[in-house]
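Notes for the one structure printed next.
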Amino acid sequence: MKFGVVVFPGSNCDADAYHAFRDALGQPTTYLWHKDHDLKGVDCVILPGGFSYGDYLRSGAIARFSPLMQEVREFADKGGLVLGICNGFQVLLELNLLPGAMLRNKKLKFLCQYVTIRLENDRTPFTRKGTKGQILRIPIAHFDGNWYAPLETLKEVEDNGQVVFRYCDPEGALTEEANVNGSLHAIAGLVNKRGNVCGMMPHPERAVEPVLGSEDGLVVLQSLLEKIS
Amino acid sequence: MKTPLHDDKVLAHHNLTRDEYDLISNLIGREPNLTELGIFSAMWSEHCSYKSSKVYLKKLPTKAKNVVQGPGENAGVIDIGDGRVIVFKIESHNHPSYIEPFQGAATGVGGILRDIFTMGARPVALMDSLRFGPLQNPKNRSIMEGVVSGISSYGNSIGVPTVGGEVYFNECYSLNPLVNVFCLGLAEKDKIFYAKTDDVGNAILYVGAKTGRDGIHGASMASQEFGEDTEAKRPNVQVGDPFKEKLLVEACLEVMERRIIVGIQDMGAAGLTCSTTEMPAKSGKGVEIDLDLVPQREKGMNPYEILLSESQERMLIAARPDQVPAVKTAFAKWDLDAVEIGKVTGDGKLRCRFHGEIVVDVPVSAVVDLCPAYSRPWEKPAGPAKRTDFGSIPQPKDYNDVLRKLLSSPTIANKEWIYRQYDHMVQTNTALLPGAGAALLRIRGSKKGLAMTLDGNGRFAALDPRTGGKASVAEACRNLACIGARPIGVTNCLNFGNPEKPGVMGQFKEAVEGMSEACDAFGIAVTGGNVSFYNETEGVAIDPTPVLGIVGLVEDIDKVVTPGFKAGGDTVILLGENKEEFGGSEYLNVIHGLNDGLPPTVDLDREIAVHETLLEAIGEGLVRSADDPSEGGLAVCAAECAFHSPEKIGCDLSFEEGERPDAILFGESHARILLTVRPENVGRVLEIAEKRGVPAKIIGTTGGSSLRIRVAENLLVNLPVAVAYRLWMDAIPDYFAVPKSFS
C-alpha cells in the first residue's frame, strides 16, 4: 500500500509521518507537495501535523486553499483514505471533510504530553486492527484541539458512530481531568459518515517505536493495511 | 549647526568612548560619517566584539580530538563518529526578554536556530536556561508567562523540540530575568558550511524577511545597563516570525545540501552590517552592496537604519554567479525571495551605495578584527559583607515541614507547567521526556544517544565565583553521567553585571578560570557560547550566572538509566560523601532567608572518579536508577526519585550521626549520586567504587509509600509520597491559577 504525506509550508510533522509509514510500518511512502496537482497514485493521503502557513489566520484555514487540496477532496469523495493528524485534522475541518471546528484548549495553553485515548469504533479503516474499548497511550501537541460543534452535529456524529477516539483516564473512564483540551464529549478523533476520512489530534506517528516510549500508534498505522473482512 | 559626531552625546548614544572614536578615525583614515559610526558602534559593542571578555575567554580550553570547529564561527562543531557531527551553541536574550518577554524570548529562539542551520545542520533540539524573580511578585509571573509563551510559540511552530532546560528563582533576577537558549543540530561531517564569501565576483544574495526599523541598536542596547527609561527601549526589540524562519530553514538546508552556494551567515545582532563585514573578512575580501536593492518593509529608511536593523529571519548568502539562478529557484519554491544586492570585491572594504552615492566605505578588517580588547581593572571578589555564624542557625524542629517547604519552592518544584507548553516530541527522536537530569535524543540508524544538559548556579557563583564556575561544569557532567552519558563538548553563556565595575570583572575572571580548570579536568573543549554583560538594572547587578551547556554521548541507548525508583526492595547506595556543606543552599534560602556561607567545595578528581564509577556500573547493567542531590540535598533527591517512579515507590533511608542533621539532609555537596541496585548487585557496585577510590555506602532500601529518613536512629522525615508529590507538582501551577471566584 502506498502512502503520501502532504507537505504544506509550515508542516513540521511531515518527516515524522514519512518515517513512521516508511520505516515503522514498512510501506512505500512519498511526499506530496502542496503546490502540485498530483497525488502520485497513493492509496492513502496523510495530512501531517505542524503549523501550516504559520496557523496565522486560524489553524488550517489557509492550507485548505493549497492547490493539492482540490485533488485531496476529489480523492476523498471517491472513497480514498485520508488521515489528518493534529494540524491535518484542523485542515480537514476547514475543508469541511469532517464536521465541527477547533477552539483553543480549555486552559488556553499549548499542551504537549502523553494522553490516554479510548478506541470507540473498531470498524473504521483507521482502527480495524484495534478493539472497541482498547486504551492507547499516544502524545498530543497542540494549542487548538478543543473540538466543538453545534448540538445537532454532535448528535449526528454520535448516532453515526463517527467518534473513533475519546480522551480518557488510564483506566478508560471519561473524566473532566482526562479531557485535557475540553473537547465536546472528549472527542479526540473522528471519521466522516462514509468512514474514509479520519482526523485525530493525538500523534500516532510519535508512538511507533519502543525507544520513543510507546508503540500504541501502530494500531492506527497497521489498521490501514488490514483487508476489509 | 550640525552636531559634530565626536560630540559626547553622540558618542554616548553609540556607546563608544572618545578613544575608540579616535581609533576608528585612524583606521579609516578620516572621520567616520554617522552611518559608519553606527556600524562601528554595533560591531564594537560588547555583545558583538567581546572586548571586555576576550582576554579571559582565551583561557577556556577550546581544543580536543573531537573538535571540528571551535569558537569563532556561528556555532561549535563536534565529531560524534559515523561521519556525523553536532553543531551547538547557547546564547542569551536577557535584555530583550525583560523589555518585552514574549518577543524577546521568541526571537532568542529564532536567533540561536539560525546560528545552527547557517552551518548546514538541521536543528534537532532546543533547551532553555531561565532565571526569574520570586513568583510572589506578579510582575515576575507576567515576565515568566511571557517568556514561556514566547519560547513555546517559536519552537513549537518551527518544529524543533524543546527537550529540557533549567529554571531558577531568585530576587536578583526580578528586574533582570535571564533567558539563555541552547540549540543543537545534526549534520554530516563533510557538509558543514561557513560564513565566507570566497572569490571576487561572487554574488551577495539577501534572503528571508524584509528589513524594517525594528531592533535598530539591539546589540548596543544589550551592552548597557538598564535604568528608568528601559520601557522606552521597547521599539528596540525585534518581532519574530517562526513561519518565515521555518521556510528559511528548509530553503537554506536545501541549497546547502545541493552545494549551490559558497557561504552563508544569518543576520542576527547588528544585522546586515555584521554579515556583510564578517563574511568577506573571513575570506580576506571586501563586499560592495547597493542598499536600494535591500528588500524593505517600511518606506523612507536611510542607510543607517537599513544597515543596523535587526529584523529577524534574514540570511546573507555568497554564491558563484553561475549558481545564482538555481539559488533563486530554490528559494522561490518556498515562497522566499533571494535578491542579489552586491558582489564580492578584492579590496577588503565594505562599500555601500544608496541612491547612487557611496555612503559607507570602511575596511572590513577594521570593523571585525580591530576592536580594542580591554583588560579591565578587576578586584578579587570579597564575598558577602558579613558571614553568618552557622552555629547560630537554629536546627529545624519539624523536618517534614522543611521538606514540604523545599518541595514547594519553585526552584525545586516540578516544571511541567513550563515544559508542557513546549512541543518536546516533534521530530520523534526524544528518548527521555523532560524532567530527568539530562535530555536524550536517539540518533537514527545507530544505537547511540545524544544527551544534553544546562546547568548554572548563580548563588554558588555569587558566594565564590571560581568554585561556582567549577561547580556548574561538575554538575552538568554529573547530570549526564546519571543517565549513562559521557561529556563530549561544552558551550557556555556567561551572564554577569557591568564589566566596567572591577568587582564584576573580578567575578567574571574567577568564574571563567574555574570553568577552564573543570573543563580541562574532564577533557572537554568549549566550542563557543556567549557573554552577556550589563545585567544590571538601576545599578544592581544579578548574581554572576555562568550557564554551561554540555553535550554527552551514550554508546548504547538501551542501557540508559532514569531517576525514578524501579521497584520496592532495591538497595539505595550513596556514591561520594556527605560533607555537611550547606552554604549557598536552597535550604538556607527558603527556610532561613539566607544567601550566605561558602558554597560546597568542588574536588574535580573525586568528581570524575564518582562519574566513572557510575558509568562503569551502568555499563555493566547494574544500576536501576540514578540521580544526583543538588538543590534541596539528599532529602529532595530521594523524594524526586520516588516522584519519578510511576508507582510512586517510597524509601527508607538512614544516616549516621553528624554535626548537623539539617546539613546532612539538605546540604548540597557535590560529587554525590544516589543510585538503586538489585540486592544481588550491591557487592559488585561497591567493588567498582572501591577500585576507583570512591566512598560508597548502603543507605537504605526502596519500598512502601512513604519517604522515611533517619539520622542517628531518629526518624526525622516521614511523609507519604503522594502528599509530597502533590506539593511538588502544584507549587508552580498554583501561582498561575485563576482565583476560584473568577473561574
Side-chain angles (χ1 to χ4, degrees), chain A residues 7-20 23-24 33-36 48-57 59 62 66 85-87 105-115 137-143 170 180 202-214 217, chain B residues 122 124 145 148-149 151-163 240-247 249-251 332-336 416-434 440-445 447 449 557-558 560 646 733 736-738 743:
Chain A
V7 182
F8 298 105
S11 292
N12 64 30
C13 303
D14 45 347
D16 302 354
Y18 181 86
H19 168 72
D23 303 331
W33 182 239
H34 74 114
K35 281 183 195 168
D36 294 342
F51 286 67
S52 55
Y53 293 92
D55 278 354
Y56 285 152
L57 176 62
S59 303
I62 307 179
S66 276
I85 301 165
C86 198
N87 194 233
N105 296 342
K106 66 180 173 187
K107 288 194 175 157
L108 305 180
K109 296 272 183 235
F110 189 96
L111 288 177
C112 175
Q113 62 181 97
Y114 268 97
V115 293
R137 194 171 155 269
I138 297 184
I140 55 164
H142 60 250
F143 213 143
V180 286
H203 286 266
E205 83 283 9
R206 293 188 183 188
V208 294
E209 293 167 87
V211 69
L212 301 176
S214 170
Chain B
R122 179 171 285 278
V124 296
E145 182 135 37
V148 171
S149 337
I151 292 169
S152 144
S153 127
Y154 210 105
N156 296 354
S157 174
I158 202 160
V160 179
T162 300
V163 294
D241 178 353
F243 172 59
K244 180 79 81 181
E245 183 139 314
K246 168 71 174 161
L247 303 181
V249 173
E250 298 305 332
K333 175 186 159 192
W334 294 98
D335 302 320
L336 294 169
E416 189 190 76
W417 186 88
I418 297 170
Y419 64 72
R420 196 156 76 157
Q421 297 185 49
Y422 305 150
D423 190 336
H424 46 261
M425 295 187 240
V426 65
Q427 297 195 12
T428 57
N429 295 317
T430 309
L432 279 183
L433 297 179
L440 180 70
L441 302 185
R442 57 95 171 260
I443 304 176
R444 287 218 171 113
K447 287 207 91 167
I557 203 161
D558 294 334
V560 157
F736 294 92
V738 180
S743 60

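Every heavy atom of this structure was used, including side-chain atoms; hydrogens, water molecules and symmetry mates were not. Just so we're on the same page: letters track the sequence lines, and every chain starts at 1.
Along residues 203-210 of chain A, the residues that come nearer than 4.5 angstrom to chain B, judged on non-hydrogen atoms, are A:Glu205, A:Arg206, A:Glu209 in order of number.
At a threshold of 4.5 Å between non-hydrogen side-chain atoms, the residues A:Gln113 and B:Leu433 do not count as touching. Looking at heavy atoms from C-beta onward, A:Pro9 lies in side-chain contact with B:Phe243 at the 4.5 angstrom threshold.
Here the OG-CG distance, from B:Ser157 to A:Asn87, works out to 9.5 Å after rounding to the nearest 0.5 Å. Atom CG of A:Leu111 and atom CG of B:Asp423 lie 11.0 Å apart (nearest 0.5 Å). Taken to the nearest 0.5 Å, the CG atom of A:Leu212 stands 6.0 Å off from the OG1 atom of B:Thr428.
Both the backbone and the side chain of B:Arg420 have a heavy atom closer than 4.5 Å to some heavy atom of chain A. Contact of A:Lys35 with chain B is made through the side chain alone, with heavy-atom distances under 4.5 Å. For a residue to count as touching a neighbouring chain, one of its non-hydrogen atoms must lie under 4.5 Å from one of that chain's; by this rule A:His19 touches chain B with the side chain only. Contact annotation for B:Glu145: only side-chain heavy atoms (C-beta onward) come within less than 4.5 Å of a heavy atom of chain A.
Counting heavy-atom pairs closer than 4.5 Å to chain B, the top-ranked of the candidates A:Tyr114, A:Trp33, A:Phe143 is A:Trp33. Taking B:Ile557, B:Leu440, B:Val148, B:Asp335 one by one and counting their heavy-atom pairs under 4.5 Å with chain A, the maximum is reached by B:Asp335.
B:Ser152 and A:Phe110 make their closest contact through OG-CB, 4.1 Å (heavy atoms, listed as atom of the first residue, atom of the second, distance). Here the shortest heavy-atom pairing between B:Lys246 and A:Gly10 reads CG-CA, 4.1 Å.
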**Prompt:** Would A:Asn12 and B:Ile158 count as a side chain to side chain contact (heavy atoms under 4.5 Å, CB included) if you check the C-alpha gap in whole Å, the side-chain angles of each, and the deciding distance to 0.1 Å?
**Reply:** CA-CA 7 Å; A:Asn12 64 30; B:Ile158 202 160; over 6 Å; no
**Request:** May I have the step-by-step check of side-chain hydrogen bond (donor to acceptor under 3.5 Å, both in side chains) for B:Asp241 and A:Tyr56, ending in yes or no?
**Result:** CA-CA 10 Å; B:Asp241 178 353; A:Tyr56 285 152; 2.5 Å; yes
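Within a 6.0 Å sphere centred on NZ of A:Lys107, other residues, nucleotides and ligands contribute 12 heavy atoms or fewer.
The closest donor-acceptor contact from the side chain of A:Lys109 to the backbone of B:Trp417 lies at 3.5 Å or more, if one exists at all.
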